There are 2 protein chains.
Amino acid sequence: MPTSRSAKASRADVAQQILEQATRLFAAHGFSGVSLADIAKSVGIRKPSLLYHFQSKDTLRRSVLEEILAHWNETLPQLLMAASTGSEQFDTVLSTTVRFFADDPDRARLILRELLDRPEEMQPLIEAHVRPWVGIVADYIRRGQEAGRVRAEVDPRAYVGHMTVLVLGSMATYEAVGSLGPELEVQESSAQLLERQTAELLRIAKVSLFRPRPVADSTTHSQRNQDFGPERPESDD
Amino acid sequence: MPTSRSAKASRADVAQQILEQATRLFAAHGFSGVSLADIAKSVGIRKPSLLYHFQSKDTLRRSVLEEILAHWNETLPQLLMAASTGSEQFDTVLSTTVRFFADDPDRARLILRELLDRPEEMQPLIEAHVRPWVGIVADYIRRGQEAGRVRAEVDPRAYVGHMTVLVLGSMATYEAVGSLGPELEVQESSAQLLERQTAELLRIAKVSLFRPRPVADSTTHSQRNQDFGPERPESDD
DNA sequence: CCTACCGATCGGTAGG
DNA sequence: CCTACCGATCGGTAGG
C-alpha cells in the first residue's frame, strides 16, 4: 500500500501534483529560491522521480508558465465570444483579467516574477498571449475616442500597459500592500481585502478611461455612481 | 599600486561599490539568484573580502534595502515642507514618488521583489516608511471628498495601495510591458518609453481621484485637458 | 583585502 | 518511482 492518501496515483496525477506544488513554491520564493528537492518533498516523492516527469528544472519552470497561459487562453476567448458590443468586450476583458488573477494570486506572482527575472524571454510570450485582447481594448479605446466616449488624452498603449501592471501587481501583493491604510480599523479577512481592492481597481480602470457623462447638477456633489463609463447599449462601428 | 583605476579605494568606497553592485544584481536576478561571488566579481574583489564589509549575505540584503529607504526619507520630507496646501502636498507626494523610481527603476524592482519574497518582513517597513505620506494623501482625499473636490466613491486606502503598486510595477517592468502596444510604430528609446508611461501614470492617478470640473460645453468632445484635477489655488482645512 | 578551505546543498545522472 | 552518487557551487570561516 502506497503512503499517499489515494490508493494509486497515475502518471498524470503525479505530474499534475508536481506542477501545482512548483507553481505554489515558485510564486512564493521565486525560481532560484526553490530547489528541486523542495518541490519533490512537498509532492512526497524524491528528486530523481521529479526529473523523470520533467527533464530539468528549467523545463518545469516553462511548463508551469505554459499551464497558466493555456488556462488563460481557455478562459478569455470563450467569454469574449459572448460579448457582442465593444463596450461589453471591454468589460469582459477587464473583469475576466481581474478575476483570473484574483482567483489564484499565485498566477500573478509567478508572471510578475518572470517579468522581473527574464524580461527578454517574456516579451514574445506577452506578444503572443496578451496581443489579442490588447488589440480589442486598444481598438475600443480608439473608436471610443473618435465617438467622444473615451477621454481624448488616453494613450491607448500606455493605458493598457498600466492596467496590466496594476492588475498583476495588486493581485500579487495585496496582502502586504492592502494593509497600508493609515488607521487599522476592523481587521479584514483576506477575502474581504481582495474584494475591496478589486472594486477600487475596476473603478480606477474605468474612470481613467471614460469621459464623464454630462450631469444635470454639476455644482453639488451627489453620492451617485455617475461617471462610471457607458452602461447604456450602444452601436458599434 | 592597486589594480583599480583610482589610486586608492578607501574602506567606504569599497563598501559603497558593493552596495551599488548588489542593488543592481539583486534587482535584476533576485536575492537568491545572485551569489556573493557574483557581487564580489563585479566589484573586483574576492568573496571573503566582501564578507569583511558585510557580515553575511542577509546583512548585505538589508543594507541595500535600508539605503534605498534612507534615500527616500531624505527626498520626500524635504520637498513636502515646501508644499503648503493640501493640493500641493498631494502633487508633491505623487510626482516625487514617480520620479524617485523612474530615476532608478532598480529601486522599484528591488522593493517589488522584497514584497514578493518576504511580505511579512516588508509589512513593518512599509508601515514605517510609507505611513507618513499615506497619511497625508489619505487625509487630503478625505477632506477633498467632504469639499466635493474628490470623487465620493474613492476608497482612500485601496486607492493609495493601487497607486503604490502601479508606480512600483510600471517602473519595474516598463521595458517588458511598455512594448505591449498592438502596432510597433517607430522604435522608441527607453527614455522616451519611460516618459510616456510616466505621463499616462500621472493622468490615471489624478483622473481617478478628482471629480470632473463642471464644463460649459458638455456634449461635444474638445481636445482640452479638462478634468485633470484642481490647478486653482484653494483654501485648506 | 587575500589564499585556502569547510560542510551543505545544488541540479542532474547511472542504473535498476 | 527508487538508492546511490557526481562535480559544481553555495555561504561562510581560519588565518594571515
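Both backbone and side-chain heavy atoms feed into the values below; hydrogens, waters and symmetry mates do not. Small disclaimer: the values here were computed from a predicted structure and weren't measured. Here is how names work: the chains are called A, B, and so on, in the same order as the sequence lines, proteins then strands, and each is numbered from 1.
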Task: CG-CE distance between A/Leu166 and B/Met163, expressed to the nearest 0.5 angstrom - done: 6.5 Å
Task: Length of the line joining B/Tyr52:OH and C/dC1:P, which is rounded to integer Å - done: 8 Å
Task: B/Arg46, CZ atom: more than 12 neighbouring heavy atoms under 6.0 Å - done: no
Open item on the list: As a test of reading the structure: which of D/dC10, C/dC10, C/dT3 is closest to the side chain of B/Arg46, going by heavy atoms?
Closed with: C/dT3
Task: Within residues 20-31 of chain B: residues closer than 4.0 Å to DNA chain C (heavy atoms) - done: none
TODO: Determine which nucleotide pairs with C/dG15, using a 3.5 Å limit on both distances of a Watson-Crick or G-U wobble pair.
DONE: D/dC2
- [ ] Using whole Å, report how far CZ of B/Phe54 lies from C1' of D/dG11.
- [x] 16 Å
- [ ] Rounded off to whole Å, could you give me the CG-to-P distance for the B/Leu60 and D/dG12 pair?
- [x] 10 Å
Open item on the list: Counting only side-chain heavy atoms from C-beta out, which of D/dC1, C/dA4, C/dT13 sits nearest to B/Pro48?
Closed with: C/dA4
Open item on the list: At 4.0 Å (heavy atoms only), tell me whether B/Val34 reaches a base, stays on the sugar-phosphate, or touches nothing.
Closed with: sugar-phosphate
Task: Counter-base of D/dG7, judged by Watson-Crick or G-U geometry with both distances under 3.5 Å - done: C/dC10
Task: A/Asp38 or A/Gln55, whichever maps to the more 5' nucleotide of DNA chain C - done: A/Asp38
Open item on the list: Could you tell me how far apart B/Ile39 (CD1) and D/dG11 (C1') are, to the nearest whole angstrom?
Closed with: 11 Å
Open item on the list: Whether B/Arg118 engages the ring of B/Phe31 as a cation-pi pair (distance to the six-membered ring centre under 6.0 angstrom, angle to the ring normal within 45°) should be assessed.
Closed with: yes
TODO: Establish, yes or no, whether the cationic atom of B/Arg107 lies under 6.0 Å from the six-membered ring centre of B/Phe100 and within 45° of the ring axis.
DONE: yes
Open item on the list: Would you call the rings of B/Trp133 and B/Trp72 parallel, tilted or perpendicular, taking 30° and 60° as the class edges?
Closed with: perpendicular
Task: Candidates C/dC2, D/dG11, D/dC1 - which lies nearest the side chain of B/Lys47 - done: D/dG11
- [ ] Give a yes/no answer on whether the side chain of A/Ser35 brings an N or O atom under 4.0 Å of OP1 or OP2 in C/dT9.
- [x] no
Task: Within 6.0 angstrom of A/Glu120 CD, more than 12 heavy atoms from elsewhere - done: yes
Open item on the list: How long is the straight-line distance from CG of A/Leu168 back to CD1 of A/Ile111, given to the nearest 0.5 Å?
Closed with: 6.0 Å
TODO: Grab the CG-C1' distance between B/Leu50 and D/dC10 for me, whole Å please.
DONE: 14 Å
Open item on the list: Can you measure B/Arg61 atom CZ to D/dG11 atom P for me and round it to whole angstrom units?
Closed with: 14 Å
- [ ] Could you work out which one of D/dT13, C/dG12, C/dC1 sits closest to the side chain of B/Leu51?
- [x] D/dT13
